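Lettering of chains follows the sequences in order, A, B, ..., and the numbering in each one begins at 1. Because the structure is predicted, anything quoted here is derived from the model rather than measured. No hydrogens, no waters, no symmetry mates; every other heavy atom, side chains included, goes into these values.
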There are 2 protein chains.
Amino acid sequence: MTISPVSRVPLSLDVAQRLRAAILDGTFPAETELPTETELAQSFGVGRSTIREALRVLQAHGLISGADTVSTARPRVTHDRTAGAAGLALSTALQVGAIPLGDLVALRMLLEAEAIRKTTSVPDAVRSCLVTMAAAVENTDIHTFHAADVDFHVQLAYAGGNQALGFVIGVLRDCIAGYLLDALDAVADRGTVLARLLAEHQAIVDALDAGESDRAAELVVAHVRDFYEPETP
Amino acid sequence: MTISPVSRVPLSLDVAQRLRAAILDGTFPAETELPTETELAQSFGVGRSTIREALRVLQAHGLISGADTVSTARPRVTHDRTAGAAGLALSTALQVGAIPLGDLVALRMLLEAEAIRKTTSVPDAVRSCLVTMAAAVENTDIHTFHAADVDFHVQLAYAGGNQALGFVIGVLRDCIAGYLLDALDAVADRGTVLARLLAEHQAIVDALDAGESDRAAELVVAHVRDFYEPETP
DNA sequence: GATAGCTGCTTGTCCGACAAACAGACAAGA
DNA sequence: TCTTGTCTGTTTGTCGGACAAGCAGCTATC
């Protein structure tokens, strides 16, 4: 009877959990390089392959930066982009059908309305998004427009002052982005649609500038709803 | 010049993405076993280690069931538990993101109020949580009470019908759970506090039973707020 | 002092190996 | 014939070794 570990999780996942805990509790502080794979393997008493699998898991959770961007030979720094990972995971759940799109949209409306209600002044970053969008409308550049659109909403969400709110809205946007782009792609008369969207964004900012947060909240709800339920007039 | 792939992502991540796409587009239907690791390695033209790393990534995304439960030698079936993976990712992001507790609580109040406003009938599961809580009050059993408390709110959140709402509330609860338990631990007169919390939960259910969703929503907001800001009378 | 080359380390990938667990076949006994 | 025990093959989980490529730091040369 050599061993008899408590449960039956593979070593690699166990290591992943321990590494995750070590990162979260600050043993490996943020923006710091982790030890070498070989060092980790030795300190955990496992083989390098096992460590690599564990690192992949952490990477998928966004806790360590690594190969998803450049993957050069530089070791690896610690957590960042966890929000992106969460967005991806949420969007996966969405695609697989675990969560209906309509529910996500409803949630987004609720959150954005609340964030805007709490917003008193419009940050410059939001205004510059409007400028970018306007330029994109000229060129009928869907992708630029969409990027600015996303930025607009996220910036506005954070402007409300509640970081949790801003964060979740950002994740939701990441998650819905695919659908949005597809929808824009499928639209025949893009110029008109983009112009209308731009006008709606502008109206929201105008309402906020006028100090009418509640009206801005209504506008944003309508803005989101209309886009996802174009059939309802 | 043997190859020159577009960017510099490691093979394993590339394989992971292709596998992910294959799963999402139905090449590997749900509840089906994937091919053997060796077969996958051959069909992708890579080594088994590479496939294993890719599989870990998919597993972290919740797209394939594998070792997180039993990890027995049975091959592996496909997607499920993507929501759980998304929850973990979101909660990780929230922890790492150093989001103030107050913001999390505010978000939770907003979401729970909305969920309750949308709730018409109280599910039996929620009522049984009340029973469990009552028993826990008798024994001053903090942990059981807390578990039932969490279950109560999550069940109620899903009762509103919006799965995304329930989902996010569950994640938020996970994030806040640590704080909550600590707070309960620090309380001197636990019996009184638990009894009061139980009464508040009961009042929420009563309001819902009476068809007064709005009042129930107010009660839940007060319930959450009072717990986190005990100084404000 | 500046630059070019060398050396070592680290990652990404592959391969071969082995124990353990499981599935199916196959043979022995009731 | 049916049951049961064994045996073999397959598959996962893990390890170790191997090698190419990129990068850092040092050294030697101009």
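With sequence neighbours left out, the salt bridge (charged side-chain N to carboxylate O under 4.0 Å, His left out) criterion links A:Glu53 to B:Arg52, B:Arg56. The side-chain contact (heavy atoms from CB on, under 4.5 Å) search around A:Glu114 returns A:Arg117, A:Lys118, A:Leu165, B:Leu110, not counting sequence neighbours. Applying the side-chain hydrogen bond (donor to acceptor under 3.5 Å, both in side chains) test to A:Asp124 and every residue at least two apart in sequence or in another chain returns nothing. By the side-chain contact (heavy atoms from CB on, under 4.5 Å) test, B:Val126 pairs with B:Val122, B:Pro123, B:Phe152, B:Gln155, B:Leu156, B:Val205, sequence neighbours left out. Scanning for salt bridge (charged side-chain N to carboxylate O under 4.0 Å, His left out) contacts around A:Arg20 gives an empty result, with sequence neighbours left out.
What separates CG of B:Leu55 from C1' of D:dG13 is a distance of 13 Å, to the nearest Å. The CD-P distance, from A:Gln42 to C:dT10, rounds to 10 Å in whole Å. When the C1' atom of D:dT11 is taken as reference, atom CG of B:Leu40 falls 12 Å away, rounded to whole Å. Whole-Å rounding puts the B:Gln59 CD to D:dG13 C1' distance at 12 Å. Separating the CG atom of A:Leu13 from the P atom of D:dT12 is a distance of 15 Å, rounded to the nearest angstrom. Nucleotide D:dC15 holds its C1' atom 11 Å from the CD atom of A:Glu53, rounded to whole Å. Atom-to-atom, CD1 of B:Ile51 to C1' of D:dT11 comes out at 15 Å; the value is rounded to the nearest Å. Atom-to-atom, CD of B:Glu37 to P of D:dG13 comes out at 6 Å; the value is rounded to the nearest Å.
Comparing atom distances between the A:Thr36 side chain and each of C:dT11, D:dG13, D:dC15 picks out C:dT11 as nearest.
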Please list each protein N or O that sits under 3.5 Å from an N or O in nucleotides 16-20 of chain D, with the distance.
| residue | atom | partner | partner atom | Å |
| --- | --- | --- | --- | --- |
| D:dA18 | N6 | A:Arg48 | NH2 | 3.3 |

Practice prompt. Take B:His61 and A:His61 through the ring pair (Phe, Tyr, Trp, His ring centres under 6.0 Å) test and state the conclusion after the steps.
Written response: CA-CA 8 Å; B:His61 288 164; A:His61 288 163; 8.2 Å; no
